[in-house]
Every structure is written in structure tokens, then in C-alpha cells.
2 protein chains.
Amino acid sequence: MKVLIVEDNLELCKNLEEIFSENGFIVDTAHDGEKAIDLLFSSEYDLVILDIMLPKMSGWDVCLNARKAKLRVPILMLTAKDAVSDKIKGLDMGADDYLVKPFDIGELLARSRTLIRRNAWTKSNTIEIKNVRIDTLGKIVRVDDKEVKLSKKEYDILLYLAINRGKIVEREEIIDHVWETGFEMYSNVVDVYINYIREKFKKQGVDDLIETIRGIGYRIRG
Amino acid sequence: MKVLIVEDNLELCKNLEEIFSENGFIVDTAHDGEKAIDLLFSSEYDLVILDIMLPKMSGWDVCLNARKAKLRVPILMLTAKDAVSDKIKGLDMGADDYLVKPFDIGELLARSRTLIRRNAWTKSNTIEIKNVRIDTLGKIVRVDDKEVKLSKKEYDILLYLAINRGKIVEREEIIDHVWETGFEMYSNVVDVYINYIREKFKKQGVDDLIETIRGIGYRIRG
DNA sequence: ATTAAGATATGAAGGTTTTGATAGTCGAGG
DNA sequence: CCTCGACTATCAAAACCTTCATATCTTAAT
């Protein structure tokens with residue numbers, strides 16, 4: 001899961017980054033509205049934490065621009081004021097939730113997870129595709145109750161394809177979600193990993209899990 | 001180094017002025033918020049010591065105004081209260097650190113120096129320690145212009161120690177900042193990397209960069 | 001000074017990630 | 001149907017990360 005934290009107070013930003021990192025997120029940060037927009041359009045996030053008061057472009061404008069561009073990423077707004085009108089304005093601008101500063105970290109994490117979950121898949125922590133089962137809590141993958149041992153990157157890639165099953169996933173998209181930002185794109189590393197994953201599944205008799213979409217990327221059939 | 005001390009208690013203000021002067025700082029003082037703002041916009045300071053309770057304009061408002069105007073000078077807040085909410089509020093308003101009154105003079109000076117130093121390398125993107133130079137933009141490390149090739153983890157650890165130079169850094173702290181969350185703590189992986197880093201520097205004739213603090217961790221001398 | 005206990009340094013092996021080279025496959029156009 | 005060019009799969013090596021075992025060093029107590 002990849003989260004973008006937009007907050008101009010560097011200290012608070014760093015704290016948030018640490019907290020999200022500690023909770024298993026890959027974190028990017030921006031300290032002003034323009035940088036936020038840049039990152040939003042250059043990488044795909046699963047969640048955005050967005051302060052309202054920002055240099056260069058306010059959080060509201062960031063939100064508005066993102067929605068105009070049909071970005072559907074969940075946005076959680078942070079506001080220093082507690083006026084209800086701000087809440088209404090924020091939600092009206094396309095935010096999915098808002099939180100008043102100072103806030104409780106536990107609540108921030110809880111709401112973040114809710115947004116991500118609501119946004120997409122799995123309340124169940126398990127994804128099943130034919131006789132393949134992915135336990136996302138234990139990070140264990142099985143074929144008919146027999147474990148397929150995957151390395152971290154192998155697992156991350158498989159999980160991402162599984163979450164998006166039915167959808168064609170581009171290599172670049174996989175890199176965006178599995179690797180740190182700024183990873184060299186002109187590499188065949190995704191292909192190599194797909195090969196590794198296929199080999200391991202083939203040993204369990206599964207040889208048609210990931211299909212190649214020539215010229216685009218890969219897909220797991222839904 | 002130029003410091004602005006904003007404190008309405010004249011006695012305390014004079015004491016602070018003396019202490020900072022004795023430690024090589026050029027000192028300006030202000031006794032209310034408006035004067036502070038005036039000085040902030042008419043001179044460039046390396047540090048601001050800012051009391052919260054002030055006549056005419058509170059420390060928070062001074063801080064907020066300074067940040068709005070894109071002043072990036074490090075601000076150390078002094079607060080009479082010790083409530084956590086004050087800390088959060090202060091950091092939220094753009095302060096870089098805070099200290100509860102009454103405070104220890106040694107600690108005030110130490111934190112002041114840390115803030116100035118942190119600000120310095122943030123501005124320049126370069127950290128220099130003796131003949132070792134870390135270019136944090138290019139992520140390149142050099143000894144006397146000769147590059148020392150470090151792997152990602154090696155670089156991350158060195159950078160963390162360098163940012164905190166002068167401070168003893170525990171192994172756990174390093175793991176918290178360099179590894180992903182949930183990393184197994186009972187591993188000697190940090191020791192191993194310290195060894196790798198030392199070996200690479202030794203090849204360039206640098207053999208005393210990282211010192212071992214027995215029972216605690218490691219340190220790069222500031 | 002000697003020794004024991006604990007902490008750190010080092011060596012080596014195993015697994016993972018990444019890269020680069022080569023082989024194989026697909027599909028559009030002739 | 002064939003060929004060419006582009007795309008994908010595969011192989012192998014290198015670099016990197018991590019673990020574990022052993023050696024060495026430090027400290028404190030005797």
C-alpha cells in the first residue's frame with residue numbers, strides 16, 4: 001500500500017511518515033500543493049493524506065484538481081479548524097474523509113485503512129482464485145492447502161495482480177505499487193519476477209494463473 | 001550565527017542573551033510579537049528562540065506568520081506548559097522544536113545547535129565530515145573527491161548517522177529509520193553493515209569515521 | 001594481572017534482487 | 001504463408017541483503 005502525505009510542516013510530516021511506514025505503508029511526501037499534484041499524476045497511490053493549509057496551492061485545490069482529472073484515490077483531509085463548514089467544503093471538493101488537528105494517531109490509521117478497504121477489495125484478508133488462496137495477513141500463498149513459498153517481491157507482485165484480477169496491469173503500474181518511488185523503469189525486472197512466480201506455481205501444477213497481455217502487461221483472470 | 005530571542009520576561013531574556021553571546025552567537029532580542037515579526041523580516045537569522053506567551057502577538061502567531069511568508073529559519077518554541085497538545089500545536093504551527101520551561105541551559109544550546117545544523121545541510125544538500133562529503137541529492141559519498149560506492153542500505157545507514165552526527169545512535173533507532181516496519185530486531189544486521197561501511201572507507205584511508213559506543217550503538221563525531 | 005561474561009567484529013554461506021545477454025514468440029504487413 | 005521487427009521469456013552472473021557461527025575485544029570483578 002502506498003500513501004502520499006501532503007503536509008508543509010516538516011516535523012509533523014516526518015512524524016506521519018514514520019507512523020505510516022511503521023504500519024507497513026510505502027510513503028511518499030510532499031510539502032506543497034504543486035508537488036502533491038505532480039506526485040499524484042506521476043504515481044498511483046492507495047491513499048492521500050492532505051493538509052488544507054499548504055504553500056503554492058491549497059489542499060482544496062489539490063483535491064479539486066485530482067478529481068477533475070478523474071483520480072479516484074481516497075483522500076483524507078487534515079484541517080486545523082473545526083468548523084463544520086470546512087467539513088462540508090472538504091467533502092464537497094471530493095475528499096473522502098476529514099480529520100481535525102490535533103488528531104489521534106490511532107484514529108488516523110483506522111480511518112486510513114477504512115478508506116483503502118472501502119475503495120477497493122478484501123474485507124476478508126483472503127483472496128481466492130481457483131485453487132489458489134492468498135492469506136494477506138500471514139502473507140502465505142497456497143495451492144490446494146499446499147504452501148507456495150514466495151519471496152517478498154514475488155508475493156507483492158502476485159498480490160497486486162490478484163487485487164486487480166480481471167484488470168490488465170501494466171508493468172509500470174506494478175513497479176509503481178511494489179517498488180519504491182523513483183525506481184528505474186527501463187528494466188525487465190517485472191518480467192523476471194513473473195517468470196519466477198510462474199515457475200513456482202508450475203511446480204504445483206498451476207500453469208495458467210498469470211496471463212501475458214502482449215504490448216501491455218499481465219493479468220490474472222477474474 | 002545569528003539568533004533572535006523573543007521573550008517578554010526581561011530578566012530571562014537578558015540571561016539568554018548573555019548565554020548565547022558567550023557561546024559565539026550574535027544576538028538580537030524582542031519583547032513582544034510585533035517587534036519579533038519586524039526583526040524577522042528585516043534580518044536573516046539562523047535560529048529563533050520564541051516564547052509562546054507574548055504581548056501583542058502570541059508566539060504561535062509569530063510562527064505562523066513567519067511560515068506563511070516562507071521564512072524557513074529554525075524556530076525553537078519555549079512553553080510554560082507541558083501539555084502534549086501544546087507540542088502538537090506548536091509543531092503544527094511550524095516550529096521545529098520546543099522546550100518546556102524551566103529548561104536546562106545545556107539542553108537549550110544543544111538543541112539550538114542541532115536545529116542550525118539540520119537546517120544547514122537541508123539547505124545545501126550536502127553533509128561534510130572531515131574529508132568525507134555526502135551529496136544527498138545524488139546520493140554519492142566521496143572521500144577527498146574520490147567516490148566511495150555504497151549500496152542502498154549502506155548509504156542509508158551512513159546518512160542517518162551523519163545527520164545525527166555528534167549524537168549516539170542506537171541500533172534499534174537505525175533499524176527504525178532504515179528498514180521497513182516489523183523488521184526482526186534481534187539480528188546483528190546493523191553491525192554487519194557498519195563493518196561493510198568501515199571496510200569501504202578504510203580502503204580510502206578513513207578508519208575512524210564511525211565509532212562504536214559499547215552497549216549502546218554507534219556515532220559519527222560532530 | 002587474570003578471568004569470565006557480555007558485546008562487537010568478522011567470515012562465510014544462503015537467499016533475494018537486479019542486471020544484461022540471448023533465445024524464443026507473436027503479429028502485422030508483404 | 002513468410003519475414004521482420006518488436007515484445008517476452010529465460011538464463012546466468014553480479015550485487016545485495018540477511019543470517020548464523022565463530023573470533024575478538026571490552027569491561028568489571030576477583
Just by distance, with hydrogens left out, do B:T114 and B:R165 show a side-chain donor and acceptor under 3.5 Å apart?
no
Base D:dA6 to side chain A:R214, donor-acceptor N/O within 3.5 Å cut-off
yes
What is the distance from CD1 of A:I197 to C1' of C:dT17, rounded to the nearest Å?
13 Å
Going by atom types alone, do A:R171 and A:S187 pair a side-chain donor with an acceptor below 3.5 Å?
no
Starting from P on C:dT8, measure out to CD1 on B:I174 and report it in whole angstrom.
12 Å
Charged N-O contact under 4.0 Å between A:K203 and A:E199:
no
Taking any heavy-atom pair under 4.0 Å as a contact, classify A:Y196: base, sugar-phosphate, or nothing.
base
Per A:K152 side chain, nearest of listed nucleotides C:dT17, C:dA9, C:dT18:
C:dT17
Can A:E170 and A:Y218 be counted as having a side-chain donor-acceptor contact under 3.5 angstrom?
no
Look at the side chain of B:N195 and decide which nucleotide, out of D:dC11, C:dT10, D:dT18, has an atom nearest to it.
C:dT10
With heavy atoms under 4.0 Å as the rule, sort A:I213 into base, sugar-phosphate or nothing.
sugar-phosphate
Testing C:dT19, C:dT8, C:dT17 for proximity to the side chain of A:V192, the answer is C:dT19
Separation of D:dA21 C1' from B:D191 CG (nearest whole Å)
14 Å
Rounded off to whole Å, could you give me the CD-to-C1' distance for the B:E211 and D:dC25 pair?
16 Å
Given atom CD1 of B:I194 and atom P of C:dT10, what is their separation to the nearest angstrom?
11 Å
5'-most contact on DNA chain C: A:Y186 or A:E154, nearest heavy atom basis?
A:E154
How long is the line joining CD1 of B:I216 and C1' of C:dT8, in whole Å?
14 Å
